[in-house]
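Structure record follows, encoded as structure tokens.
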Amino acid sequence: MMEAVVVKNLVKTYGKEKTVAVDDVSFSVDKGELFGLIGPDGAGKTSIFRMLTTLLLPDSGSATVDGHDIVKDFRQIRSSVGYMPGKFSLYQDLTIEENLHFFATVFGTTIEENYHLIKDIYVQIEPFKNRRAGKLSGGMKQKLALCCALIHKPTTLFLDEPTTGVDPVSRKEFWEMLRRLKEENITILVSTPYMDEASLCDRIALVQGGKILSIDTPHGIVNSYPDALLAIKANEMYRLLKALKGYPGILNSYAFGEYAHATLRDAHTDTHALQVYLHEHGLTGVEVKEAEVTIEDSFIKLLH
Amino acid sequence: MMQDDKVIVCEKLTKRFGDFVATNEITFDVHKGEIFGFLGANGAGKTTAMRMLCGLSAPSSGKATIAGYDVYTQTEQIKRNIGYMSQKFSLYENLTVLENIEFFGGIYGLSDERIKSKTEELLQRLGLKSEANKLVGSLPLGWKQKLSFSVAVLHEPKIVFLDEPTGGVDPVTRRQFWDMIYEAAHDGITVFVTTHYMDEAEYCNRISIMVDGKMEVLDTPANLKNSFHARSMDEVFYQLARGAKRGD
């Protein structure tokens, strides 16, 4: 069996007003793949994860995890997958060691049996093993939660926004841990609002408003960007953005780090005319060049 | 810039919790209308420093004035002259848009008349007129964040403190949010902002990076990239914060 997760036309609504959280979503994840759901808060990422981990029933549609149906076979799924919710959900008044021991026992295993899976991560929090989970820093909680989700050697790991609110250095370290786990042949589904993390996945789904906008490899998504993207710099970003918005040939423009990114209408591909326009609007230090398309540009294009 | 242009003046500001020095002798100034980026890894001491600057926590030692008021003795005046918003709490979810604006306007001591005109202007600018009587909790996150920023500057404070204002917001809304920040700064409001998005660091006039309680660097994004031979702020941050000993 090549596919670890298969999702077909999954729908989830909430409340009397039937607010749609997940809107006819379909995708599949191969065994051993590192698959990312990329999108902002409210995109439906958590609802998808909670249905796949059997914690929430879909309104319609179906899905399987390791060939088990998420409604009928919920027991098998619960014993074989690992889940790290976005909100810290371990026992705050148990210590690091007690939490880990508890989760190992509940899943009928021991810390020793699968220690090799968590070793790299656990050694970083081991000096504090007698500290209560509620007293740990954000980064340490995150590492403990990952250890607890891994201790029964899950076939598939669901990580819901593991890096939200985490600084860029800790985020990089976390993704290095995931790459190492992938080598253990664990299928990993991870969600994140950080577009720059998308490039670290094998494949990604861009999600917004309960819908999947696009699914492909990060490379594939970037390569299918339809327009020529320009990177434009000037001494004053605020005035540059304002001037670009007023340019007749502009299709879309927005800030992107030290540059503004912009796409031009077909009839206005002459960048020289744009340079002249910006000079006329009093901007100095103007530089216009071709931009390297990123996942974030693709996402903005899909929202536009 | 002129001396009297400084709205935040900090000299060796320090906060200790027992033996632990959360914020260690930070010294810096922020000018009127500046967008000042306050970066650092988790646990570097940012929140503690911000709490002192907002008059919420008394320093252990050092000096600081915010909008000309002393952080030891004039904390009430400080609170009246600043705005604050964070990703976690800013507005009451079970009040409507209108009720939130009225509530915060009242808290900041604006007259009913002023609240009325400000409300009108704000709803117009945000395009939220038809949503005025909806509960804030029912709005999408992006709208909530734009609304809470507008509420944080409702009383035209001298400084607005923004604590990770764009976390989890989609890339288009994130940029609309920054348009609002630019506009506020253009109107003379000083913006003090923390973020984990390094592209946003580029939008600040100056950036400081805290490491282990100390302010390790403070300069424009361009100068920082030059002095660290880095192509992006992400690289600068990584080089500095990688050496951090404490925190996560």
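Just so it is clear, the values below take in all heavy atoms, side chains as well, and ignore hydrogens, waters and symmetry mates. Within every chain, numbering begins at 1; the chains are lettered A, B, ... in the order of the sequence lines, protein sequences first and strands thereafter. All figures in this text were calculated on a predicted structure; none of them were measured in a lab.
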Any residue of residues 223-231 of chain B which, by heavy atoms, sits under 4.5 Å from chain A: Lys225(B), Arg231(B)
Contact listing (chain A partner; residues 179-191 of chain B; heavy atom under 4.5 Å): Asp179(B), Tyr182(B), Glu183(B), His186(B)
Part of [X] within contact of chain B (heavy atom distance under 4.5 Å):
| X | result |
| --- | --- |
| Gln208(A) | side chain |
| Lys245(A) | side chain |
| Leu303(A) | side chain |
| Leu136(A) | neither |

Most contacts with chain B, counted as non-hydrogen pairs under 4.5 angstrom, among Lys242(A), Met237(A), Glu161(A): Met237(A)
Value rounded to 0.5 Å, distance of OH in Tyr238(A) from CH2 in Trp178(B): 13.5 Å
Nearest-0.5 Å distance that lies between atom CG in Leu141(B) and atom CG in Asp41(A): 5.0 Å
Salt bridge (charged side-chain N to carboxylate O under 4.0 Å, His left out) against Lys172(A), all qualifying residues, sequence neighbours excluded: Asp234(B)
Residue list, ring pair (Phe, Tyr, Trp, His ring centres under 6.0 Å) with Tyr259(A), at least two apart or on another chain: none
Tyr194(A)-Tyr197(B) aromatic ring centre distance below 6.0 Å: yes
Polar side-chain atom of Asn42(B) near backbone of Asp167(A) as donor-acceptor pair, under 3.5 Å: yes
Pro168(A) backbone acceptor or donor facing Tyr238(B) side chain under 3.5 Å: no
Taking all heavy atoms of [X] and all of [Y], pick out the closest pair and write down the distance.
| X | Y | result |
| --- | --- | --- |
| Arg175(B) | Ile300(A) | NH1-CD1, 3.4 Å |
| Arg174(B) | Glu296(A) | NH2-OE2, 2.6 Å |
| Gly168(B) | Pro193(A) | CA-CB, 3.9 Å |

Selection from Glu164(B), Met233(B), His196(B) maximising heavy-atom pairs under 4.5 Å formed with chain A: His196(B)
Any side-chain heavy-atom pair of Asp199(B) and Phe256(A) under 4.5 Å: no
Proximity breakdown for Pro171(B) and chain A, heavy-atom pairs closer than 4.5 Å: both
Sidechain N-carboxylate O distance under 4.0 Å for Lys233(A), Glu202(B): no
Residues Glu173(A), Arg242(B); criterion salt bridge (Lys or Arg N to Asp or Glu O under 4.0 Å); working and verdict: CA-CA 10 Å; Glu173(A) 286 172 2; Arg242(B) 195 179 43 191; over 6 Å; no
